[in-house]
Participant: 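Just dropping this structure here.
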Amino acid sequence: MTHIIFSDYRNPAAEQAYQIAWDFLARTGAIRDEFEACVFLAQRITMMVEEGQTNRIRMANRAISEYQRHADESDDLIRGGGRRAEGH
């Protein structure tokens with residue numbers, strides 16, 4: 001697996017949060033497309049920095065949860081033939 005790094009000069013904890021989230025998702029086998037996962041995590045963590053977050057564990061946990069939700073919704077779309085399930 002290619003190791004993709006992320007850094008945000010505004011908040012050193014962002015890089016640590018990204019690494020924690022990436023390592024967890026990689027170890028659990030949740031990353032299917034490395035580039036997509038990299039972009040997703042970087043965007044989410046950047047948004048958290050912009051919201052004023054500074055806690056690396058909180059940012060990592062939130063990024064992991066959001067990535068897992070995103071992956072589940074993508075799976076639902078694929079199973080549903082590209083249509084969102086009822087009630088979504």
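Residue numbers run from 1 in the order of the sequence given.
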Participant: For Y67, what residues pass the ring-ring contact (aromatic ring centres under 6.0 Å, His included) criterion, not counting sequence neighbours?
Facilitator: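 If we apply the ring-ring contact (aromatic ring centres under 6.0 Å, His included) test to Y67, skipping adjacent residues, the hits are F40.
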Participant: Once salt bridge (Lys or Arg N to Asp or Glu O under 4.0 Å) is applied, do any residues pair with R10, and if so which ones, sequence neighbours excluded?
Facilitator: D8, E50
Participant: Please enumerate all residues that pass side-chain hydrogen bond (donor to acceptor under 3.5 Å, both in side chains) together with Q43, with sequence neighbours excluded.
Facilitator: none
Participant: Rounded at 0.5 Å granularity, tell me how far CG in L41 sits from CD1 in I20.
Facilitator: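 Answer for the CG-CD1 pair, L41 versus I20, is 12.0 Å.
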Participant: Between T54 and N11, what is the shortest heavy-atom contact and its length?
Facilitator: CA-ND2, 3.7 Å
Participant: Restricting to non-hydrogen atoms, name the atom on C38 and the atom on W22 that form the minimum distance, rounded to 0.1 Å.
Facilitator: N-CZ3, 3.7 Å
Participant: Measure the CD1-CD distance between I45 and Q19 for me, rounded to the nearest 0.5 Å.
Facilitator: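 Spacing of CD1 (I45) from CD (Q19) equals 10.0 Å.
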Participant: So, using salt bridge (Lys or Arg N to Asp or Glu O under 4.0 Å) as the criterion, who are the partners of R56 when residues are at least two apart?
Facilitator: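 R56 satisfies salt bridge (Lys or Arg N to Asp or Glu O under 4.0 Å) with no residue once adjacent residues are dropped.
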Participant: Got a sec, which residues hit side-chain hydrogen bond (donor to acceptor under 3.5 Å, both in side chains) with Q53, two or more places apart in sequence or on another chain?
Facilitator: none
Participant: Restricting to non-hydrogen atoms, name the atom on A60 and the atom on A17 that form the minimum distance, rounded to 0.1 Å.
Facilitator: CB-O, 3.5 Å
Participant: Which atom pair, heavy atoms only, marks the closest approach of L25 to T28?
Facilitator: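 Shortest heavy-atom contact: O-OG1, 3.1 Å.
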Participant: Return the CE to CD distance between M48 and E66, rounded to the nearest 0.5 Å.
Facilitator: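 So the CE of M48 and the CD of E66 are separated by 5.0 Å.
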Participant: Could you check if a side-chain atom of E36 sits within less than 4.5 angstrom of a side-chain atom of H70, using non-hydrogen atoms only?
Facilitator: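 The answer is yes; the side chains approach within 4.5 Å.
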Participant: Could you work out, with salt bridge (Lys or Arg N to Asp or Glu O under 4.0 Å) as the rule, every residue matching R58, not counting sequence neighbours?
Facilitator: none
Participant: Check the hydrophobic clustering (I, L, V, M, F, W, Y; side-chain heavy atoms under 4.5 Å; chains of links allowed) and say if F24 and M59 are grouped together.
Facilitator: yes
